[in-house]
Amino acid sequence: MDLSSLNDRQKQAVTAPLGSVLVLAGPGSGKTKTLTHRIAYLIEKRLVHPEHILALTFTNKAASEMRQRLNALLARLPGAAENVTMGTFHSVCAKIMRKEITVLGYGNDFVIFDTDDQQKAIKEISEELQLDTKRFPASLFSALISRAKNLLQLPAELNLGLESPLRERLAEVYSRYQDSLYKQNALDFDDLLMLMVKIFQNFPKILAKYQKRFTYVLVDEYQDTNPAQYALLKMLSEHRNLFVVGDDAQSIYGFRGSDIRNILSFENDFPESLVIKLEQNYRSTRTILEAAQKVIGLNPEQKPKTLWTENAEGEKITLAETEDERAEAEFVAKKIVALASGKSDEVEYVPEEQMDGYSILDRFLKARKMYGASLNSFRSRRVPQLPKKHDSLKEFCILYRTHAQSRALEEVFIESSIPYQIVGGLKFYERREIKDMLAYLRLVLNFRDLVSLKRVINEPPRGIGDKSYQVIREFILKYGNRDKEVPLKDFRADFSEIKLQPRAWQAAQDFFAMLETITETPAKFSLPELMKVMVVKIGMEKFLRDGSKQGDARWENVEELFTVAEKFRNMPWREGAQQLLEEVALLSEIDSKDEKKDAVIMMTLHSAKGLEFDNVFFVGLEEGIMPHSRSLLEPNELSEEVRLAYVGLTRARKRLFLVYARHRRIFGNFQSTQPSRFLKVLPREKLQFFGSADKTVYRSDEEGELTVEEMDY
DNA sequence: AACGCAAGTATTTTT
DNA sequence: TACTTGCGTT
Ligand SMILES: Nc1ncnc2c1ncn2[C@@H]1O[C@H](COP(=O)(O)OP(=O)(O)OP(=O)(O)O)[C@@H](O)[C@H]1O
């Protein structure tokens with residue numbers, strides 16, 4: 001096997017004897033690359049069969065990219081890469097659970113509840129218990145339940161050290177919530193991990209089966225694993241044959257239960273393990289690396305690591321101060337236009353009549369559609385224009401702390417005719433019409449799914465309001481139980497007994513009759529075929545296309561969903577629906593990124609984990625945003641902000657632009673802002689300033705000795 | 001039950 | 001600013 005593209009340390013990791021290995025190293029040192037080569041090596045040297053390898057990544061996208069690379073590395077063994085099990089913890093657990101969950105009493109056609117479904121289920125319980133939803137919002141319970149599950153605490157074992165009365169309320173809600181999930185045959189995200197652990201703990205035969213199946217387990221981004229994931233690894237790997245890579249300085253998912261101690265105590269947890277440190281960075285220029293090191297230096301608790309590079313010193317980092325978020329976006333647009341049209345320096349504004357490409361009318365129409373720009377405000381703005389002929393935009397990336405920051409950028413990019421792609425934020429699958437369609441599908445598979453029922457029983461309007469829904473809900477909850485599954489047909493016979501107002505009664509009977517006819521579709525039909533019948537029965541097109549343009553757009557989205565469903569044409573519709581729903585529920589934000597599209601990419605710092613770009617714009621570097629105001633109270637959270645900034649800076653290969661605004665609109669009104677404390681530690685001589693950034697940021701020299709917490713304003 | 005309007009409130013970060 | 005929630009009217 002060709003190891004020539006690896007350095008000595010990387011080779012050592014790739015060819016290490018079987019046993020536990022930790023590769024602990026900084027950004028851009030080739031951890032992911034090493035992990036991929038390790039898999040290839042194990043397969044090619046016939047040390048482990050591909051089917052016996054389990055590789056866990058942080059996102060689905062990372063998994064599919066790894067599989068592609070592996071395929072290329074194993075060109076001489078075609079098909080081998082396909083046999084490796086790869087995916088996120090959640091998706092791999094979901095697959096295993098489909099086979100094994102019946103031991104817990106759930107059906108293996110369970111649905112996966114996303115955060116939204118989860119909160120709706122909790123809300124119903126809060127209402128049932130007549131809790132004060134101001135004092136105890138569903139989002140609070142949802143976060144706490146998630147925390148408990150990540151700590152592997154079932155309702156009976158709940159112990160989060162909370163104060164009364166929250167402790168008692170949570171215990172009640174959690175217990176009822178878990179019952180409710182069970183009755184609906186649903187698992188939430190955290191159940192996928194927690195219940196998997198519980199199965200392995202309580203059913204040693206099942207555990208043994210998977211220990212035999214996966215004799216070698218690899219984990220990328222190990223610093224962001226939570227206690228449940230840790231427990232899984234510990235059981236699966238029987239303390240051996242575990243290969244993990246990560247960097248404690250890049251742990252950024254603490255809010256989701258990730259525990260940095262997993263990587264810090266690997267050596268103790270897995271005795272006789274081999275720890276390998278990679279120290280050469282292949283990604284960034286020396287300047288970028290130096291700046292990043294300074295920032296992470298704000299966290300004394302991070303494990304010290306050497307990181308050097310043979311790369312050139314490179315260009316200076318640009319530190320720009322702008323007036324507000326609009327000017328910030330214009331600054332970024334201007335730089336991108338300049339760089340992508342081959343001019344390394346400033347561009348002049350192009351007079352309208354000389355503009356290539358789009359007419360001003362086009363741009364105005366787009367701007368109005370996107371954010372309702374008025375003609376006057378639009379004309380008074382002069383933004384640079386991206387020429388029709390320009391370099392590829394794929395190597396431009398804009399990073400921000402929160403999704404809300406993308407708006408100003410979007411507005412300016414539309415006006416500048418710069419194609420862009422936003423990762424995450426308001427997604428296709430979060431649109432109302434799409435969620436409705438998926439809810440119908442879920443109901444067709446499982447009429448006990450109350451969250452879906454509530455969503456669509458009156459969508460389109462059928463004359464079944466909240467009162468009637470509550471009665472139906474009670475009926476279903478009391479009706480039989482999951483242990484002996486009742487077909488919808490039998491349910492319907494009994495459902496005619498339900499006591500509802502005549503109009504609602506008829507509508508409800510019709511609704512379930514419709515579900516039943518869809519459910520009886522023979523298995524020879526595929527999912528796309530079923531869905532087309534389904535929308536007709538529902539009357540979806542008439543409902544959505546109300547004559548407005550938005551209505552047409554909504555219907556187009558449904559048609560787009562048909563296209564997605566085409567993937568599942570070669571299997572019975574039930575299976576297809578299940579796979580579609582699972583895939584949608586477990587999508588990662590970054591999965592939506594379209595590699596083919598030539599566009600500037602915008603995303604949150606969290607989504608950028610593991611990625612790299614030639615040109616990175618890190619915007620909104622202000623106190624309150626980066627670090628975020630919600631993180632300032634807890635030192636742990638502030639440390640995580642430092643790591644987040646470190647992740648952001650180290651995404652850049654060649655050029656890095658840091659931008660902050662003096663004023664920013666927050667909740668609609670302007671507030672003045674202060675530059676981020678993280679900027680103060682950057683090496684001044686490696687920066688190129690724009691605006692009065694130099695003066696504003698380096699106001700005093702005495703701050704050199706302060707800790708991050710002390711650096712506040 | 002459905003619709004419309006007004007007030008109030010919220011933004012980290014995601015599988 | 002934008003979205004959700006609640007209230008009042010039909
Ligand atoms: N030995 C090497 N020679 C040349 N390039 C390398 C070498 N090792 C890694 N690289 C390159 O360095 C870049 C970073 O690699 P990789 O993404 O694997 O790093 P990483 O340590 O996983 O980074 P991060 O911690 O940011 O996720 C990639 O473009 C990779 O191709």
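Both backbone and side-chain heavy atoms feed into the values below; hydrogens, waters and symmetry mates do not. Values in this document were obtained by computation on a predicted structure and should not be read as measured data. In the text below, chain A, chain B and the rest are named by the order of the sequence lines, each starting its count at 1.
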Quiz prompt | Output field: ring centroids F58(A)/Y253(A) closer than 6.0 Å | solution = yes
Self-check item: Sugar-phosphate or base contact per nucleotide [nucleotides 4-10 of chain C; S, B, -; heavy atom under 4.0 Å]
Solution: -S-----
Exercise. Kindly write out the residues that satisfy ring pair (Phe, Tyr, Trp, His ring centres under 6.0 Å) with F543(A), not counting sequence neighbours, or none if the list is empty.
Key: none
Quiz item: Is the Lys NZ or Arg CZ of R462(A) less than 6.0 Å from the centre of F511(A)'s six-membered ring, within 45° of the axis?
Solution: no
Quiz item: Distance between the C1' atoms of dT13(B) and dT4(C), in whole angstroms?
Solution: 22 Å
Quiz prompt | Residues which pass ring pair (Phe, Tyr, Trp, His ring centres under 6.0 Å) with F678(A), listed by chain and number, not counting sequence neighbours | solution = none
Quiz item: Who are the salt bridge (charged side-chain N to carboxylate O under 4.0 Å, His left out) partners of R665(A), not counting sequence neighbours?
Solution: none
Exercise. Return the set of residues passing ring pair (Phe, Tyr, Trp, His ring centres under 6.0 Å) with Y177(A) (not counting sequence neighbours), or none when no residue passes.
Key: none
Self-check item: Heavy-atom pair with the smallest gap, counting every atom of L441(A) and A577(A)
Solution: CD2-CB, 4.4 Å
Quiz item: What is the distance from CG of N669(A) to P of dT9(B), rounded to the nearest Å?
Solution: 16 Å
Quiz item: Base, backbone or nothing for each nucleotide of nucleotides 10-15 of chain B, written B, S, -, heavy atoms under 4.0 angstrom, 5' to 3'?
Solution: BBBBBB
Quiz item: Are F141(A) and Y174(A) near enough that their ring centres are under 6.0 Å apart?
Solution: no
Quiz prompt | Spacing of I457(A) atom CD1 relative to dA2(B) atom P, expressed in whole Å | solution = 11 Å
